[in-house]
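Read through the structure below, which is laid out as structure tokens, and then see the notes.
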Amino acid sequence: MSASRLPGADARPVVAFSFDGQRIEARAGDTVAMALWAAGQPALRASSRDGAPRGVLCNMGICYECLVVVDGDTVRGCMQVVRDGMDVRRGGKS
């Protein structure tokens with residue numbers, strides 16, 4: 001069993017999106033935050049105070065640590081389901 005996937009999760013269709021210009025493959029139904037985590041990209045933005053990497057904290061939409069820009073809109077990565085062809089960028093408000 002892979003550390004990044006639950007048993008049976010690989011049976012879902014593959015979707016692809018870009019993260020800062022890099023192609024990322026995920027499984028249909030994954031959130032952006034978890035797809036990026038599984039792809040080895042846990043840092044989703046940088047702190048405006050000291051530039052420290054920020055990533056998933058609560059993973060349930062309460063905090064704002066996982067803010068990313070999806071197709072031009074700032075969203076919480078843990079609440080956004082991946083879609084084929086979406087453009088995701090590091091960022092969001094700090």
Side-chain angles (χ1 to χ4, degrees):
M1 173 173 68
S2 169
S4 62
R5 297 277 179 207
L6 295 172
D10 290 341
R12 296 175 293 152
V14 173
V15 296
F17 64 99
S18 68
F19 180 59
D20 285 345
Q22 176 186 354
R23 179 184 163 87
I24 302 287
E25 288 188 350
R27 297 293 175 167
D30 284 353
T31 63
V32 169
M34 290 300 97
L36 291 172
W37 186 282
Q41 297 284 343
L44 305 180
R45 67 181 184 91
S47 168
S48 63
R49 261 184 293 170
D50 60 6
R54 310 303 288 174
V56 179
L57 179 67
C58 76
N59 200 35
M60 60 184 188
I62 293 173
C63 76
Y64 291 86
E65 294 300 312
C66 65
L67 289 178
V68 291
V69 178
V70 175
D71 296 331
D73 295 321
T74 300
V75 299
R76 287 173 283 190
C78 70
M79 302 300 291
Q80 179 72 52
V81 176
V82 295
R83 295 184 317 276
D84 206 35
M86 70 190 327
D87 178 42
V88 181
R89 307 257 173 206
R90 287 183 209 280
K93 294 180 183 177
S94 299

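The first residue in the sequence is number 1, and the count goes up from there.
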Can you find a heavy atom in the side chain of R83 that is under 4.5 Å from one in the side chain of D71?
-> yes
Separation between SG of C66 and CZ of R54, rounded to the nearest 0.5 Å = 11.5 Å
Nearest heavy-atom contact between R27 and V14 is NH1-CG2, 3.3 Å
Are the side chains of F17 and L36 in touch, meaning some heavy atoms are under 4.5 Å apart?
-> yes
Looking at R89 and D20, what are the two nearest heavy atoms and their distance?
-> CA-OD1, 3.2 Å
List the atom of C58, the atom of C63, and the distance in Å for their closest heavy-atom pair.
-> SG-N, 3.4 Å
Nearest heavy atoms of V82 and A26, plus distance in Å | CG2-CB, 4.1 Å
Kindly indicate whether the side chain of M79, heavy atoms from C-beta on, has any atom under 4.5 Å from the side chain of M60.
-> no
Close side-chain approach of V32 to M86, heavy-atom, < 4.5 Å | yes
T31 and C78 have their tightest heavy-atom pair at CG2-O, 3.3 Å
Taking NZ, NE, NH1 and NH2 as the nitrogens, is one of them in R76 or E65 under 4.0 Å from a carboxylate oxygen of the other?
-> no
Under 3.5 Å donor-acceptor, R23 side chain and S18 backbone = no
M34 side chain reached by V56 side chain, heavy atoms, under 4.5 Å | yes
Nearest atoms (heavy-atom pairs only) where I24 meets A35 | CG2-O, 4.4 Å
Is there side-chain contact between L67 and V75, with heavy atoms separated by less than 4.5 Å?
-> no
